[in-house]
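Here's the structure we're looking at; comments come further down.
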Amino acid sequence: MSVAGELRVLLEQAVLEIGAVEARFEIEEPANPAHGDLASNVALTLSKALGRPPRQIAETLAAGMLRANPALVTGVEVAGPGFLNFRISPGAYQVELQTLLQEGERFFRPQLGNGERVQVEFVSANPTGPLHIGNGWLGTYGDALARLLSFAGYQVVREYYVNDTGGQIRTLGASILAASKGEALPEEGYKGDYVFTLAAGYSGPDDVVAAGRWAVPIILDEIRESLESLGIGFDSWFSQASIEDSGAVAEVVHRLEESGAVYEQDGALWFEATRFKDSRDRVLRKSNGDYTYLAGDIAYHYNKLAIRGFDLVVDVFGADHHGQVSSIKAAMEALGIDPARLDIRIGQMVSLMTDGEAVKFSKRAGTAVPLTWLVDELGADATRLLILSSSIDRAAQVDLARAKATSMDNPVYYMQYAHARIAALFRNASERGVSISGLEGADLSVLVEARELELLKQVLRLGQVVEMAVLERAPHKVTAWLMDVSAAFHRFYHDLSVLGAEANVRDARLALVRGTQIALQTAFSVLGVTPLEEM
RNA sequence: GCCCCUGUAGCUCAGCGGAUAGAGCAGCUGCCUUCUAAGCAGUAGGUCGUAGGUUCGAGUCCUACCGGGGGCGCCA
């Protein structure tokens with residue numbers, strides 16, 4: 001059990017002893033070291049129920065806590081409005097390090113998934129042109145999220161929904177045909193250079209659908225390649241055409257009809273989505289007999305949740321697809337599927353600055369900055385860490401010139417440098433004939449320096465950070481931890497010699513460094529970043 | 001007009017309802033005969049958009065307003 005977990009048990013007992021039945025409280029690591037190793041607000045939350053001032057409750061609790069477990073708690077003080085600040089015995093942290101060294105990466109694994117089957121759908125960009133930076137942004141997010149879920153014990157399937165049918169494919173075909181005949185491209189057509197490249201290779205019939213369908217696999221190959229260059233891979237590429245051809249759309253519409261949530265008007269078939277908290281009703285089948293995109297999307301989600309039966313489906317959409325959310329959720333509810341099983345994450349748009357001027361993404365105008373450009377400039381790992389340092393809720397602003405110019409000063413290298421220094425330490429240890437096997441047996445009780453304990457506590461936090469990152473679907477929290485732990489490591493490395501220390505201290509420090517290495521590698525791994533052995 | 005996201009240091013961004021709001025970059029000052037100075041230490045820089053409210057306690061929650069982004073098709 002973690003140090004905070006043990007403390008919680010003690011506190012709960014202490015609370016019972018003073019006659020409070022149920023207490024909800026937090027145990028946290030104070031930002032200010034003067035406030036101890038761990039702190040709790042328990043007295044503040046109990047104040048109202050007990051009708052006593054918080055500081056008085058805190059005093060009573062503190063007295064009990066000191067006697068409870070001297071091996072864990074070495075000091076308690078009441079501070080501020082009634083906080084309990086605890087001094088924790090270094091031994092408690094040393095024991096945890098021992099466990100970490102024995103268990104390895106598993107030490108940090110949150111038991112959340114329990115083998116539940118989760119599908120993460122992301123990117124799913126229309127196969128009508130090369131990916132742009134926005135796709136890479138949410139693609140990296142989705143990929144990291146999939147890795148996190150998998151690490152946390154979920155059985156994860158990553159899927160790309162291929163929109164290989166409908167109007168955009170016709171538009172693509174029309175653009176290719178026009179280009180191949182040397183005609184002006186359609187007003188609403190695709191206009192990038194790739195259209196002309198495709199046109200030069202097209203020798204099929206003079207038919208927009210044929211030309212569009214011909215181009216899809218070619219473009220998909222390119223998409224797959226640029227995703228792979230960023231370390232993003234999929235288990236499944238699910239074709240929209242396949243679901244239409246299978247009759248699944250008609251079937252799911254029929255199910256909605258049976259549920260009574262459907263009506264006809266103006267020759268079209270409508271889904272009464274307002275009954276399920278959507279802002280307006282939605283057309284399922286147009287008056288010309290074609291199904292709408294929404295009908296297909298409902299069938300697709302029905303396929304995921306009911307046919308394939310994933311326990312949980314996570315969709316990663318861009319903000320421009322936000323409008324779909326309430327409709328799909330409404331449809332799932334109408335079909336008797338618990339909407340909580342569908343977790344839709346909306347990533348805000350990424351805007352791009354060049355020379356201080358905003359560049360607008362538009363695939364159709366052919367002005368989009370290709371994803372491959374960014375990856376070529378920065379490299380996959382730096383690109384991923386750049387993306388994974390901020391929340392997707394915020395519309396990120398990337399200055400292309402700056403991202404490139406500061407690449408050598410990038411925070412990325414701060415984290416990588418910590419890992420590289422550790423690798424160098426172990427290389428040097430071997431060269432000097434210092435054994436680095438059996439570190440888990442080292443006597444860790446000599447780890448008492450402030451720098452050592454600071455680093456150790458930071459390392460041990462990873463499990464809780466990963467858990468929060470999974471629950472909040474927020475991989476960037478892991479990146480923030482990487483910055484923190486790297487800082488703690490650099491300070492430790494700067495102030496204390498590892499290989500130059502007395503043998504027993506040296507071995508204990510090597511054990512700490514090994515623990516740090518495992519933690520760093522675990523974090524890099526869930527982010528899909530390759531740690532550097534040297535720089 | 002309605003819905004979603006957002007406003008924190010010069011810039012890019014962190015910040016589970018807690019104590020003195022942080023990091024990187026940019027600025028200034030120190031530190032390499034010592035395991036990698038892509039590092040460390042110090043310094044400077046803030047009305048957390050504005051105004052109310054809830055709370056023992058609000059950057060964090062609620063309401064209104066202001067600014068920025070996105071969405072409101074028988075397109076996909």
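Just so you know, these numbers come straight off a predicted model, no measurement behind them. Letters A, B, ... mirror the listed sequences (proteins, then strands); counts begin at 1.
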- A/L512 CG to B/C35 C1', straight-line distance once rounded to whole Å: 15 Å
- Message: Base, sugar-phosphate or nothing for A/S326? Non-hydrogen atoms, less than 4.0 Å.
- Response: nothing
- Task: Mind checking A/R285 for me? I need base, sugar-phosphate or nothing, with any heavy atom below 4.0 Å counting as a touch.
- Result: nothing
- Query: Do A/D495 and A/R491 sit within salt-bridge range, that is, some charged N less than 4.0 Å from a carboxylate O?
  - Reply: no
- Item | Protein-nucleotide distance (A/L482, atom CG; B/A14, atom C1'), rounded to Å | 14 Å
- Message: In this structure, how many angstroms lie between the P atom of B/C75 and the OH atom of A/Y293, rounded?
- Response: 14 Å
- Message: Does B/C5 have OP1 or OP2 under 4.0 Å away from a side-chain N or O of A/R394?
- Response: no
- Query: Over how many whole Å does the gap from A/D484 atom CG to B/G22 atom C1' extend?
  - Reply: 9 Å
- Message: Does A/Q265 reach a base, just sugar-phosphate, or nothing at all? Heavy atoms under 4.0 Å.
- Response: base
- Query: Thinking salt bridges, do A/E159 and A/K304 make one under a 4.0 Å N-O criterion?
  - Reply: no
- Under the 6.0 Å and 45° cation-pi test, does A/R8 pair with A/F25? yes
- Item | Protein proximity profile, nucleotides 16-21 of chain B - base contact B, sugar-phosphate-only contact S, no contact -, cut-off 4.0 Å on heavy atoms | B-BBB-
- Should A/R427 be listed as having a side-chain N or O under 4.0 Å from OP1 or OP2 of B/C35? no
- Task: Check every strand shown and say whether A/D266 touches a base, only sugar-phosphate, or nothing at a heavy-atom separation below 4.0 Å.
- Result: base
- Task: Could you state the atom-to-atom distance from CZ of A/R282 to P of B/G71 in whole Å?
- Result: 14 Å
- Message: Looking at A/S279 and B/C2, is any side-chain donor or acceptor paired with a base atom of the opposite kind under 3.5 Å?
- Response: no
- Over how many whole Å does the gap from A/F492 atom CZ to B/A41 atom P extend? 14 Å
- Message: I'd like to check A/R52 versus A/T60 (side-chain heavy atoms, cut-off strictly below 4.5 Å). Are they in contact?
- Response: yes
- Look at the side chain of A/M349 and decide which nucleotide, out of B/A76, B/G69, B/C13, has an atom nearest to it. B/G69
- Item | side chain to side chain contact (heavy atoms under 4.5 Å, CB included) against A/D343, all qualifying residues, sequence neighbours excluded | A/L312, A/V314, A/R345, A/R473
- Query: Using the ring of each side chain (for Trp, its six-membered ring), is A/W270 parallel, tilted or perpendicular to A/Y263, with breaks at 30° and 60°?
  - Reply: parallel
- Touch check for A/L496, heavy atoms < 4.0 angstrom, all strands: base, sugar-phosphate only, or nothing? base
- Query: Between A/K286 and A/D266, is there a side-chain N and carboxylate O pair less than 4.0 Å apart?
  - Reply: no
- Query: NA contact type, A/R451, heavy-atom cut-off 4.0 Å: base, sugar-phosphate, or nothing?
  - Reply: sugar-phosphate
- One should report the stems of RNA chain B, each a stretch of at least three consecutive Watson-Crick or G-U pairs at distances under 3.5 Å, as B:1-7 with B:66-72, B:10-13 with B:22-25, B:27-31 with B:39-43, B:49-53 with B:61-65
- Task: Quick one: label A/T479 by what it contacts on the DNA or RNA (base, sugar-phosphate, nothing), any heavy atom closer than 4.0 Å.
- Result: nothing
- Message: Please tell me if A/K329 has a side-chain N or O lying less than 4.0 Å from either OP1 or OP2 of B/C4.
- Response: no
- Task: Looking at every strand, decide which applies to A/S47 at a 4.0 Å heavy-atom threshold: base, sugar-phosphate, or nothing.
- Result: nothing
- Query: Hey, does A/A268 reach any base, or is it just sugar-phosphate, or nothing, if we go heavy atoms under 4.0 Å?
  - Reply: base
